[in-house]
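For reference, the structure is listed below as structure tokens.
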Amino acid sequence: MASLACSSSISGTHLLPTALAPAYSLRSCKISFRRSVESGSRSGLFDASNNTGHWILQRVRQYATVQAAATAKNDTTATTGRTAPIPPPSRVNVSPHGLSPPIVHRPGQIKGEGEGKRTILASDEMIFKAKEGGKLQTVMIVHGILGAARNWRMFSKRVANYMLEETPCQYGWRMVMVDLRNHGNSATLPGLKAPHDIPATARDLANFIEAEGKAPDVLIAHALGGKVALDFVQNVTAGTYGSAALLPKQLWVLESPPGPMTSEKAEGDMERVLEAVQPLKEPLPTRKWLSDKIVELGFNAGLAHWLGTQLKRINPDAEEMEWVFNIKECYEMLQSNRRLDYWSVLENPLPQGLHIAFVRAGRSERMTPDEGIERLEAAASKHPDNLSFHTLPNAGHWLHTENISGFIRIVNPYLSKLQ
């Protein structure tokens, strides 16, 4: 087997991989890479929207089919809380069915005319086929504030590959990652006009699903995306969207309290970030200029680095940058997210055939006893067939990057029941 060098150095917020070189063995590369990633995780470098670590992971698997145990320290069993080893690479990340299938980028589009004219959100898609072929189960993922479809690619690969290897299901998985309005490739779409709030964003999701021609089997929604999904369920149940709008079989709401968020810690960091960057005039000179400015404003270097990943060049020949999201409109979405209350969706009988599962991260402060834990547990005990509540230990708010294996252990029994 060809040798591989993947040494890294962490200085402040930078993690820089070296090129391939024959002087290093595969074993030394794997150990060096794992230590660097673990160090980066402790420093806060790796979060939900930092693709640097994901880029390195992809390269290691691509050239040597090796899964570095980047999350081994955080992986836990979902039921006991005891530290558990990461599942073997051949089981979770290296699949003979398609380790890393091509990503299909679907740009947003305008459909219909006159009063029926609507804007369809942009999305990314990956298809993981089963050995036996057959039907595909569709999992649709909705990100949170300042997120994007691209941030969920690694999560999608892990979940889909695991389900192919570990379950007796005879079908493959179609993973669809949506860019919400004002985010990612949907940020510049015409027709997504004010108000920029949760109900308008849920209507966007309804239009997207209607354009798909069928409801996803599973809808996974994180943070602000969770309230978007609950608003969608509320309106489909009420018939607001018409007969073309259909519900998924399962809705997974991750780290999203269903009621108003009274705690300053709920989305406090994001609010402060948006308030801090709104006065900055575009174009921004360089990524480094932004990073230095964010630190100067009192934020940590890890957050400053992450914000740098949310910039794009205005043109290839210039250093000047612009945001990949719409700042003012995102702030409006965040305010709407904090105000709205969807407890009525959960405490009244849910539509037949829909199961809603809430997942709270054990280390997160987004959901406290005062903000819904006991109330959710009570609602779940009242409607056990339609509602469940889970806590994922050893994970923070960005649970889809911090403890993917633990999340898989929670979700696997439910996904295995899909028909």
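Note that the structure is a prediction, hence the values are computed from the model and not measured.
Ring pair F407/W252 is perpendicular by interplanar angle, where above 60° counts as perpendicular and below 30° as parallel. Taking the six-membered ring for Trp and thresholds of 30 and 60 degrees, H222 and H397 have ring planes inclined between 30 and 60 degrees apart. Relative ring orientation between F325 and W323 is described as parallel, the plane-to-plane angle staying below 30° on a 0-90° scale split at 30° and 60°.
Here the closest heavy-atom approach between residue N185 and residue L189 is recorded as O-CG, 4.0 Å. Summarising the geometry of V277 relative to I294, their closest heavy-atom pair is CG1-CD1, 3.8 Å, with the distance given to 0.1 Å.
Remark: side-chain polar atoms of S186 are not paired, donor with acceptor, to backbone N or O of N182 under 3.5 angstrom. No donor-acceptor distance shorter than 3.5 angstrom exists from the side chain of D204 to the backbone of I120, with no hydrogens or angles considered.
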Note to self: Apply salt bridge (charged side-chain N to carboxylate O under 4.0 Å, His left out) to residues R313 and E322 and explain how you reach the verdict.
What the structure shows: CA-CA 6 Å; R313 290 182 187 272; E322 63 183 357; over 6 Å; no
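Here the two rings, on W152 and H143, have centers that are 6.0 Å apart or farther. Ring pair F299/H305: centre-to-centre distance not below 6.0 Å.
S388 and H355 are linked by a side-chain donor-acceptor pair at a separation below 3.5 angstrom, with hydrogens and angles left out of the test. Checking H390 against R360 by side-chain atom types alone, no donor-acceptor pair falls below 3.5 Å.
Sparse packing is recorded around NZ of K328, with 12 or fewer heavy atoms of other residues, nucleotides or ligands lying under 6.0 Å away.
Ion pair R106/E125 flagged as a salt bridge, since at least one NZ, NE, NH1 or NH2 atom sits closer than 4.0 Å to an Asp/Glu carboxylate oxygen.
R203 meets the salt bridge (charged side-chain N to carboxylate O under 4.0 Å, His left out) test with no other residue; sequence neighbours excluded.
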